[in-house]
Amino acid sequence: GTQPWSGIWLTSDSTTTSLFLHLRKGDSVAVTGRIGELNTVTQMYSVTSVVVVDSNKTLPQPILLTTGTFAQGSQNAEQYEGMLVKVVGTTLTALNPYFSDPDLFEINDGSGGMYVGPDGKNSYTNYAGDSTLGLNNILYLNDKIDTLIGVLYYSSGANRYTICPRQNSDWVAGEPYQYKQGWNLV
């Protein structure tokens, strides 16, 4: 959904993963399971049934918010857990802000920092050694990330909200170019 409190994080384990394998982007589903706080994240777990109700539905647009919405201590962030969010005009401000999880890094649009998590299937990383794993879009301190889309998660270990990009198209990294009206680009 696009309204606060309209998302939820779904979890699976080795016994329930097969219930999710048939799903495709755009499926509308009915899921049966338990809802509760696990690791301080509201989520559905112990899933027993996943039924496709409809297919080829238009996906909800991500909600545009500032990184400060998710800064440490923010009281407004929880309502966006499990939702697709978007931040723009950010800079990578810390490569390894949380020592026990070196895959997390911090971005900031000037309103406060938020973490970016390694979840999802994309080739972006903050660690050059990951290039051996096929993660070849290496990010460095002060890199510009024009647009970042992902699902919001709460990292209980780091005690911070984390945006989890799903795929490479969730990233627009580098300096955005502003063109004057009337310019012809070829």
Side-chain angles (χ1 to χ4, degrees), residues 1-14 16-17 20 31 33-47 60 62-130 133 135 137-167 170-173:
T2 57
Q3 297 299 312
W5 305 106
S6 63
I8 191 161
W9 194 267
L10 292 175
T11 60
S12 66
D13 57 34
S14 60
T16 60
T17 298
F20 296 95
V31 182
R34 298 185 67 177
I35 295 178
E37 292 280 323
L38 294 175
N39 299 317
T40 68
V41 176
T42 304
Q43 52 190 285
M44 182 176 277
Y45 59 98
S46 297
V47 173
I63 298 173
L64 177 62
L65 297 163
T66 65
T67 57
T69 306
F70 311 107
Q72 189 167 15
S74 172
Q75 299 297 310
N76 297 320
E78 185 175 9
Q79 62 187 326
Y80 301 107
E81 273 183 1
M83 293 184 66
L84 195 59
V85 299
K86 175 168 76 171
V87 293
V88 298
T90 67
T91 300
L92 196 150
T93 51
L95 284 172
N96 304 110
Y98 184 63
F99 71 94
S100 68
D101 191 347
D103 293 325
L104 293 175
F105 55 94
E106 183 182 75
I107 59 173
N108 193 329
D109 63 6
S111 66
M114 77 176 298
Y115 287 178
V116 178
D119 301 306
K121 294 182 179 182
N122 63 76
S123 61
Y124 287 83
T125 182
N126 60 327
Y127 179 61
D130 283 346
L133 303 173
L135 304 176
N137 290 308
I138 310 299
L139 298 166
Y140 299 96
L141 191 63
N142 297 316
D143 274 357
K144 304 294 183 199
I145 301 171
D146 180 55
T147 303
L148 186 59
I149 297 170
V151 179
L152 189 69
Y153 183 74
Y154 186 78
S155 175
S156 60
N159 197 29
R160 296 285 290 270
Y161 283 93
T162 305
I163 188 171
C164 302
R166 304 158 300 162
Q167 58 214 4
D170 285 343
W171 296 82
V172 178

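All residue numbers in this chain count up from 1 along the given sequence.
- No side-chain heavy atom of Met114 sits under 4.5 Å from any side-chain heavy atom of Asn108.
- Side-chain contact check for Asn159 and Tyr154: at least one donor-acceptor pair (N or O, by modelled atom type) lies under 3.5 Å.
- Ring geometry for Phe70 against Tyr80 counts as perpendicular: the plane angle is over 60°, on a 0 to 90° scale with 30° as the lower cut.
- Nearest heavy atoms, Gly117 versus Pro165: O-CD, 3.8 Å.
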I'd like a table of donor-acceptor pairs (distance under 3.5 Å, sequence neighbours excluded) in which one partner is a side-chain atom from residues 81-93, with atom names and distances.
| from | atom 1 | to | atom 2 | distance (Å) |
| --- | --- | --- | --- | --- |
| Glu81 | OE1 | Thr42 | N | 3.1 |
| Thr90 | OG1 | Ile145 | O | 2.9 |
| Thr91 | OG1 | Lys144 | NZ | 3.2 |
| Thr93 | OG1 | Glu106 | O | 3.4 |
| Thr93 | OG1 | Glu106 | OE1 | 3.0 |

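- In this structure, OH on Tyr124 lies 10.0 Å from CG on Asp170, to the nearest 0.5 angstrom.
- For the pair Tyr45/Leu10, no side-chain contact is recorded, criterion being any heavy-atom separation below 4.5 Å from C-beta on.
- Nearest heavy-atom pair, Leu141 versus Ala94, reported as atom, atom and distance to 0.1 Å: CD1-N, 3.8 Å.
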Checklist line | Criterion side-chain contact (heavy atoms from CB on, under 4.5 Å) on Thr162 and Val116, from CA distance to verdict | finding: CA-CA 5 Å; Thr162 305; Val116 178; 5.6 Å; no
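- Note: Ile163 CD1 to Ile107 CD1 = 6.0 Å, rounded to the nearest 0.5 Å.
- Interatomic distance, Gln79 CD to Ser6 OG, rounded to the nearest 0.5 Å: 10.0 Å.
- Heavy-atom minimum distance, Ser111 versus Gly68: OG-N, 2.7 Å.
- When all heavy atoms of Cys164 and Tyr153 are compared, the pair lying nearest together is SG-CB, 3.9 Å.
- A distance-only check finds a donor-acceptor pair linking the side chain of Gln43 to the backbone of Leu38 [under 3.5 Å].
- Residue Thr16 comes nearest to Val47 through the heavy atom pair CG2-O, 3.2 Å, listed as atom of the first residue, atom of the second, then distance.
- Shown here for Asp109 and Thr67, the closest heavy-atom pair between the two residues is OD1-OG1, 2.7 Å.
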Margin query: Run the side-chain contact (heavy atoms from CB on, under 4.5 Å) test on Phe105 and Leu139 for me, step by step, so that the C-alpha distance in whole Å, both residues' side-chain angles and the decisive distance to 0.1 Å come before the verdict.
Written below: CA-CA 10 Å; Phe105 55 94; Leu139 298 166; 3.5 Å; yes
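- Stacking of Arg160 on the aromatic ring of Tyr115 is recorded, both the 6.0 Å distance cut-off and the 45° axial limit being met.
- Thr69 places no side-chain N or O within donor-acceptor distance of the main-chain N or O of Leu65, the cut-off being under 3.5 Å.
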